[in-house]
Amino acid sequence: MSTASTCATRRSWWDHVTPALKDPISAVTEAFLADPSPYKINLGVGAYRDDEGKPLVLQCVREAESKIAASSFLESTSTSVGSKLVMESAKLIYGEDSDVIKERRFAGIPALSGTGACRLFAEFQKRFYPESRMYLPDPTWSNHRNIWRDVHVPDQTFRYYHPDSKSLNFAALMDDVKNAPDGSFFLLHPCAHNPTGVDPTEEQWREISSLFKVKNHFPFFDVAYQGFASGDVERDAKAIRIFLEDGHSIGCAQSFAKNMGLYGHRVGCLSVLCNDKIQAMAIQSQLQQISNTMYGSPPIHGISLVSKILSDPDIKAIWLKEVKVMATRIRRMRVTLREALERLGSPLNWQHITNQVGMFCFSGLNRAEVYLLAKEFHIYMTPDGRISMGGVTTKNVDYLANAIHEVTACDQDAKILHNTDAYKINTDIRFTSLGTSKTRARGMNLAL
């Protein structure tokens, strides 16, 4: 067979493969990196940045690094380190003095961050409840639907956010929970909801828990931002503690990517509450078998860092202070952004910026306005208007406020783009009222 025919044969294996749809967050990052502007702003990725807009290595991580530096990362230590991570993660979310911890009534396994923990549970759900579906809040993190879809677990949404009031649509949420078939699986964000930043109050969580009990629903919590809602990891675990007190079976995916600044280490944990130790052992074995077919076990360095931070009282105290500092900076930027918009005389109500909590602000900007922010001001966010507040700093907040004010003021011009896919438009559109980016930047004292 000739070389040409051999190549043709090889190509024929994959000719039917087409490009996958881009993840919206990855698409924002790619657009940001391709922009040569010196004053561009990335408000897409949900990772913390300091007030200089740079990734932050926490002091607790540096302390933990020094403690584990002398450790021998041998094959024989991986199981013990993983078990320690699971125990410390469970204490953090369920409470160190809870009966679940004292009686070891839970199964848990290290995971590749929160994404891996969600995927492990989706596989577990499919294996033992093959006819079930997962109810997801509308809206939710964009990857949730992909995770359950890829294991062939159908998803359905329940109402969560009210776009007009930019707040929780509590009555509709309760109605959908009530009308779902008994014994349904629901994914819940216990704090710092992604993407809306809208959380139920403690009393509302109690009502949700009570209705879940009546309906015998299974709550699966995705905990990606513990500490970022209030600055207090205990307070941010309150929703889960309420469900625990009410006697629910619970599943929980935890991520330490954001609240420990370990995004690249992909450290997470999946835990499932059980009736007793015997059931815990059975579920543990099934979770382990699932992970063995996917990745075996996570890299040991990251889980060693998290285990040390959570188990060493001195290092944990440093971490808790740093979490509060990060949450405080984000809250301060919320206040500053809202005040800047109000000073500009915006006729719109921006109260939701400070009402919402956690990493994200669900701005209410439409796709047309998001497109204009990128095109005219070099400000990048997801098409749904989600702003990662970690990317807002004292140096860029006035520029951001001015840009938002200008694009929201151009209502008539923005209608041209309304209901379009902002990232697929090729038409070169000029808005003369906006001026040039360079002139605007200079007017706001930005370095060029």
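These numbers come from the heavy atoms of this one structure, side chains and all, not from hydrogens, waters or symmetry mates.
Not a single donor-acceptor pair under 3.5 Å links the side chain of Thr354 to the backbone N or O of Val335. Without hydrogens or angle criteria, Gln254 side chain to Cys269 main chain gives no donor-acceptor distance under 3.5 Å. In this structure, the side chain of His352 does not engage the main chain of Ser165 through any donor-acceptor pair within 3.5 Å. His378 places no side-chain N or O within donor-acceptor distance of the main-chain N or O of Tyr39, the cut-off being under 3.5 Å. No donor-acceptor pair closer than 3.5 Å links the side chain of Lys126 to the backbone N or O of Val151. With His193 contributing its side chain and Pro139 its backbone, the two residues share a donor-acceptor pair below 3.5 Å. In terms of modelled atom types and a separation under 3.5 Å, the side chain of Lys178 and the main chain of Leu211 share no donor-acceptor contact. At distances below 3.5 Å, not a single donor-acceptor pair connects side-chain atoms of Asp176 with backbone N or O atoms of Leu173. Remark: the backbone N or O of Ile25 is paired with a side-chain donor or acceptor of Thr29 at under 3.5 angstrom. The main-chain N or O of Val267 is never found under 3.5 Å from a side-chain atom of His265 such that the two would form a donor-acceptor pair.
Under the 6.0 Å distance and 45° angle rule, Lys166 does not count as a cation-pi partner of Tyr161. A cation-pi arrangement is absent between Arg386 and Phe362, since the terminal nitrogen or guanidinium carbon is not both under 6.0 Å from the aromatic centre and inside a 45° cone about the axis.
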Practice problem: Take Glu234 and Arg241 through the salt bridge (charged side-chain N to carboxylate O under 4.0 Å, His left out) test and state the conclusion after the steps. | Solution: CA-CA 9 Å; Glu234 290 293 307; Arg241 307 283 174 84; 3.0 Å; yes
Exercise. Determine, step by step, whether Ile379 and Met381 satisfy the side-chain contact (heavy atoms from CB on, under 4.5 Å) criterion, reporting the C-alpha distance in whole Å, the side-chain angles of both residues, the deciding distance to 0.1 Å, and the verdict.
Key: CA-CA 7 Å; Ile379 296 171; Met381 64 185 70; 4.2 Å; yes
Quiz item: Is there a salt bridge (charged side-chain N to carboxylate O under 4.0 Å, His left out) between Arg338 and Glu342 once you walk through the steps?
Solution: CA-CA 6 Å; Arg338 176 183 168 183; Glu342 291 171 347; 2.9 Å; yes
Quiz prompt | From CA spacing to verdict: side-chain contact (heavy atoms from CB on, under 4.5 Å), Ile283, Phe124 | solution = CA-CA 9 Å; Ile283 293 177; Phe124 181 71; 3.8 Å; yes
Practice problem: Check the pair Val357 / Ser230 against side-chain contact (heavy atoms from CB on, under 4.5 Å), numbers first and verdict last. | Solution: CA-CA 8 Å; Val357 297; Ser230 67; over 6 Å; no
Self-check item: Verdict with supporting geometry, Glu88 and Lys91, salt bridge (charged side-chain N to carboxylate O under 4.0 Å, His left out)
Solution: CA-CA 5 Å; Glu88 295 301 328; Lys91 289 178 183 178; 3.6 Å; yes
Exercise. Under the ring pair (Phe, Tyr, Trp, His ring centres under 6.0 Å) rule, what do Phe185 and Phe220 come out as? Steps first, then yes or no, please.
Key: CA-CA 7 Å; Phe185 288 82; Phe220 180 72; 8.9 Å; no
Quiz item: Is there a side-chain contact (heavy atoms from CB on, under 4.5 Å) between Phe228 and Lys258 once you walk through the steps?
Solution: CA-CA 9 Å; Phe228 274 108; Lys258 288 87 173 180; 3.8 Å; yes
Self-check item: Tyr160 and Phe170: CA distance, side-chain angles, deciding distance, ring pair (Phe, Tyr, Trp, His ring centres under 6.0 Å) verdict
Solution: CA-CA 7 Å; Tyr160 185 88; Phe170 184 65; 9.9 Å; no
Practice problem: Could you walk me through whether Phe243 and Phe212 pass ring pair (Phe, Tyr, Trp, His ring centres under 6.0 Å), step by step? | Solution: CA-CA 9 Å; Phe243 276 72; Phe212 265 58; 5.6 Å; yes
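No donor-acceptor contact under 3.5 angstrom links the side chains of Thr408 and Glu369, judged on distance only. With no hydrogens or angles considered, a side-chain donor-acceptor pair links Asp35 and Tyr380 at under 3.5 Å. In the model, Trp319 has no side-chain atom that pairs as donor or acceptor with a side-chain atom of Glu63 under 3.5 Å. Between the side chains of Ser346 and Trp350, a donor-acceptor pair is found at a separation under 3.5 Å.
No more than 12 heavy-atom neighbours from other residues, nucleotides or ligands sit within 6.0 angstrom of CD on Glu96.
Across every non-hydrogen atom of Asp23 and Ser142, the tightest pair is OD1-OG, 3.7 Å. Nearest approach of Trp141 to His189, heavy atoms of both residues: N-CE1, 4.3 Å. Contact between Ala192 and Gly358 at its shortest, heavy atoms only, is CB-CA, 3.8 Å. Taking all atoms of both residues into account, the shortest heavy-atom contact from Ala47 to Met359 is C-CE, 3.9 Å. Closest of all the heavy-atom pairs between Gln356 and Cys361 is OE1-CA, 3.3 Å. Nearest heavy-atom pair across Ser210 and Asp246 is N-OD2, 4.4 Å.
For the atom pair SG of Cys252 and CG of Leu273, the computed distance is 8.5 Å after rounding to the nearest 0.5 Å. Distance check, rounded to the nearest 0.5 Å: CZ of Phe256 to CD1 of Ile303 gives 11.5 Å. The CD1 atom of Ile315 lies 10.0 Å from the CG atom of Leu310; values are rounded to the nearest 0.5 Å.
For Leu136, the side-chain contact (heavy atoms from CB on, under 4.5 Å) partners two or more places apart in sequence, or in a different chain, are Met134, Thr140, His144, Arg145, Asp155, Leu187.
The salt bridge (charged side-chain N to carboxylate O under 4.0 Å, His left out) pairs that include a residue from residues 210-229 are Asp182-Lys215, where partners are two or more places apart or lie in different chains. Applying the salt bridge (charged side-chain N to carboxylate O under 4.0 Å, His left out) definition to pairs two or more places apart or across chains, those involving residues 311-332 are Asp51-Arg329.
The distance between the ring centers of Tyr48 and Tyr263 does not fall below 6.0 angstrom. For Phe221 and Phe121, the distance between ring centers is not under 6.0 angstrom.
Contact check for Tyr399 versus Phe377: side-chain heavy atoms found under the 4.5 Å cut-off. Between Val233 and Leu92 the shortest side-chain heavy-atom distance falls below 4.5 Å. Residues Met294 and Leu120 are in side-chain contact: their nearest non-hydrogen atoms beyond the backbone lie under 4.5 Å apart.
Pro190 pairs with exactly one of Asp236, Asp199, Ile240 by the side-chain contact (heavy atoms from CB on, under 4.5 Å) rule, that one being Ile240.
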